[in-house]
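One structure is given here, and the rest of the page talks about it.
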Amino acid sequence: MMLMACCQEIVSASDMAAGTVAGAILPRQYGLGPGQPRMPMVCSKWNQASKLSGIDRVSSLDELLMADSQRAITAYCEFRHLFPAAQWLDLEPPFGMFHAYMLLELDGGLLYVCMEKFSDPLEITLMCGERPAVLHQASSYRATGEARELTPQRPVVQNMRVELGGRPGRPTITVSDLVRWIVGPLAMRWRPLNQLTANCQHFAEDVYTFLLNPLSCAGFQGAQRGREGLLWALRGNGALLEGATPDMRRDRLLVLAAVRNNGLALQFAAEELRTDADVVMAAIRCDGFAMQFASEALKKDRNFVLQAVRMRGAALRHVSDKLRKDREVVLAAVRCSSAALQFAAEELQQDKELVSIAVQLDGLVLRFASELLRKDPALVKAAVVQHGGALSYAPEKLRRDKDLVSAAVSSHGLALQYAAEELRADKRIASIAVGRHGMALEFVTEDLRRDRELVMAAVARNGAALQFAGDEFKRDREVVLAAVRSDGYALAFAAMELQHDHEVLRARMW
């Protein structure tokens, strides 16, 4: 099912600022615990750039998806492989004259997950490539590598495409949410293929329903087995507290079980438990943003807030205005999570000592410093040394400072994109940048893209940098060989005559 990994070198605290945590809808654990149901699966992956290898089988769902667990599922597409009888019999699901499978788009189509129930196992393929190529592959082959039977009488048609997105107060559904649903509620009721009771169309409907309303599909089976059953359910999925009765929401043991699994479940607890320091602290320990659901009294309690922000800096966002002006409280939050600086009172964002501590932990939080401090050369230097990307938050004057820019690209090669143009034309600085990250070649001047020494250094570091080299180097056998030895996919950027060169192809394979 899910993913692989696009390079995203410069990371920010935007998720923290949004006040949501990806993957907070369903239980946190990936694998199935002892005694829980298991289901048969076929997992594989396909990459358009790796045409020689075709579909690669993967041993487990974890191996396939864990690296991309926080990617958002942004769209659902259902496809139908029609049976010949479809032209005469127009039956509604789940008994339609077609085989259904679906593609889930991740992060707007950066990756795709193809899912279907063709026989007894669940079949899942992680796919990477341009949309037309992905659609062609999914309509031609299953996760097993077996070809679909495509004829004029049995075409594949797209039935619908539904864009998905976060709802107010709820995080976007992520890959990890989908995994939890598969290994939890879906596995509990998985049955071998049965055309009447458990066919591909039933499965497609289950996936669609889950994506529209994950909590409704999570199942509140525990409630039907009494308090002990409910306690078991909440330990695995705290968000199920939303569907509990008022009496259950006042049960301290049940609420503790819920918030220890999902801190944001505190919002469903009875009011009296949202004033209970132990319950609220358990929620914050799981998720700092749970502080927003604490009672006003706890948000103003200095000792409680200090303990909370030392554990989860993000809790600072929802404490009283008075405590966001308290230097000791803010300092404790920043030491726990440097991005908490954004939640500090404005006057503390002008505190040089405090901001200096924050940028030494994470240079990118320079963005939350006051405008005056972002003009301070020493402070900006400390930030870019920690993370070169902090250069993007520096004023234009400092982006022309050769020593500061050198420090930034030494920390992070791609920071070159934020340097003044005259420094992007400086070969010494450009050499440092591509030495750290070959793709920095994209940000050097046109003249330097025609510098053979610089291009060789870039492609040796990252073969895909070949795409930014001058055209003459895409026809240069030595440069292309260096690129494909670093990254076989770089072959796509070479001149056409070299894409079929036997020596280059051998270098790519090895």
Side-chain angles (χ1 to χ4, degrees), residues 6-12 355-356 359-360 362-367 369 371-487 489-490 493-495:
C6 174
C7 177
Q8 190 176 16
E9 290 281 346
I10 298 183
V11 182
S12 75
V355 174
S356 179
V359 299
Q360 288 178 53
D362 181 355
L364 293 178
V365 302
L366 181 66
R367 64 187 290 197
E371 184 177 355
L372 181 64
L373 287 182
R374 282 188 272 126
K375 295 178 180 178
D376 185 304
L379 190 69
V380 174
K381 178 74 172 290
V384 300
V385 165
Q386 200 287 323
H387 195 303
L391 186 64
S392 63
Y393 305 116
E396 193 63 35
K397 179 181 178 180
L398 293 182
R399 298 188 195 193
R400 292 195 293 270
D401 185 304
K402 183 174 289 190
D403 289 339
L404 196 147
V405 170
S406 294
V409 300
S410 295
S411 167
H412 193 301
L414 295 181
L416 183 64
Q417 63 188 294
Y418 307 119
E421 185 173 0
E422 61 266 28
L423 295 185
R424 289 191 280 116
D426 185 302
K427 184 173 178 179
R428 186 183 72 83
I429 289 178
S431 297
I432 295 172
V434 301
R436 293 291 292 166
H437 199 302
M439 297 297 278
L441 188 66
E442 177 182 2
F443 307 112
V444 305
T445 58
E446 287 297 324
D447 285 346
L448 287 182
R449 291 190 189 191
R450 292 192 289 272
D451 185 297
R452 196 171 194 279
E453 182 183 4
L454 191 70
V455 169
M456 281 293 285
V459 300
R461 183 72 175 174
N462 189 318
L466 182 63
Q467 63 189 294
F468 305 119
D471 289 341
E472 62 270 29
F473 297 120
K474 296 175 183 179
R475 296 188 294 271
D476 186 312
R477 181 190 298 274
E478 185 180 357
V479 172
V480 171
L481 280 170
V484 299
R485 283 170 181 153
S486 170
D487 183 349
Y489 300 152
F493 307 117

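From a predicted model like this one, the values you see are computed outputs, not experimental measurements. Along the sequence shown, residues are numbered consecutively beginning with 1.
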key: Qualifying residues under salt bridge (Lys or Arg N to Asp or Glu O under 4.0 Å), relative to E421, sequence neighbours excluded   = none

ask   = Is any side-chain heavy atom of R452 closer than 4.5 Å to a side-chain heavy atom of V479?
value = yes

inquiry  = So for atom NZ, which belongs to K474, do other residues, nucleotides or ligands contribute more than 12 heavy atoms lying within a distance under 6.0 Å?
reply    = yes

message = Between R436 and V409, is there a side-chain heavy-atom distance shorter than 4.5 Å?
response = no

pair E453-S431: side-chain heavy atoms closer than 4.5 Å = no

Least distance between heavy atoms, G413 atom then A440 atom = O-CB, 3.5 Å

query = Roughly how far, to the nearest 0.5 Å, is NE2 of H437 from NE2 of H412?
reply = 6.5 Å

remark   = Note: L398 and A394 closest approach over all heavy atoms is CB-CB, 4.2 Å

key: From CG (L373) to OG (S356), nearest 0.5 Å   = 9.5 Å

task = Verify, without hydrogens or angle tests, whether R449 (side chain) and E442 (backbone) share a donor-acceptor contact under 3.5 angstrom.
result = yes

key: Shortest non-hydrogen separation from L366 to Y393 and the atoms involved   = CD2-CB, 4.1 Å

ask   = Does the side chain of S411 reach to within under 4.5 Å of the side chain of V385, using non-hydrogen atoms?
value = no

remark   = Hits for salt bridge (Lys or Arg N to Asp or Glu O under 4.0 Å) against R450, two or more places apart or cross-chain, chain-then-number order -> D447

message = As a test of understanding, state which of D451, L416, L454 forms a side chain to side chain contact (heavy atoms under 4.5 Å, CB included) with L441.
response = L454

ask   = If only atom types and distance count, is the side chain of R374 paired as donor or acceptor with the main-chain N or O of P395 below 3.5 Å?
value = no

query = Does any non-hydrogen side-chain atom of M456 lie less than 4.5 Å from one of F473?
reply = no

query = Closest approach of A390 and L364, non-hydrogen atoms and distance?
reply = N-CD2, 3.6 Å

message = If we ignore hydrogens and angles and just use 3.5 Å, is the side chain of R424 paired with the main-chain N or O of T445 as donor and acceptor?
response = no

ask   = Donor-acceptor pair, R399 side chain versus S392 backbone, under 3.5 Å?
value = yes

note = Correct closest heavy-atom pair for G388 and A415 would be O-CB, 3.3 Å

task = Verify the neighbour count for atom NZ of K427: are there more than 12 heavy atoms of other residues, nucleotides or ligands below 6.0 Å?
result = yes

inquiry  = If you define the side chain from C-beta out and look only at heavy atoms, does anything of K375 sit under 4.5 Å from K397?
reply    = no

task = Please answer whether the main-chain N or O of G435 pairs with a side-chain N or O of R461 as donor and acceptor at a distance below 3.5 Å.
result = yes

request  = Looking only at non-hydrogen atoms, find the nearest pair between L391 and A419 and report the distance.
outcome  = CD2-N, 4.0 Å

Atom pair CG/CD of D401 and E396 - distance to nearest 0.5 Å = 12.0 Å

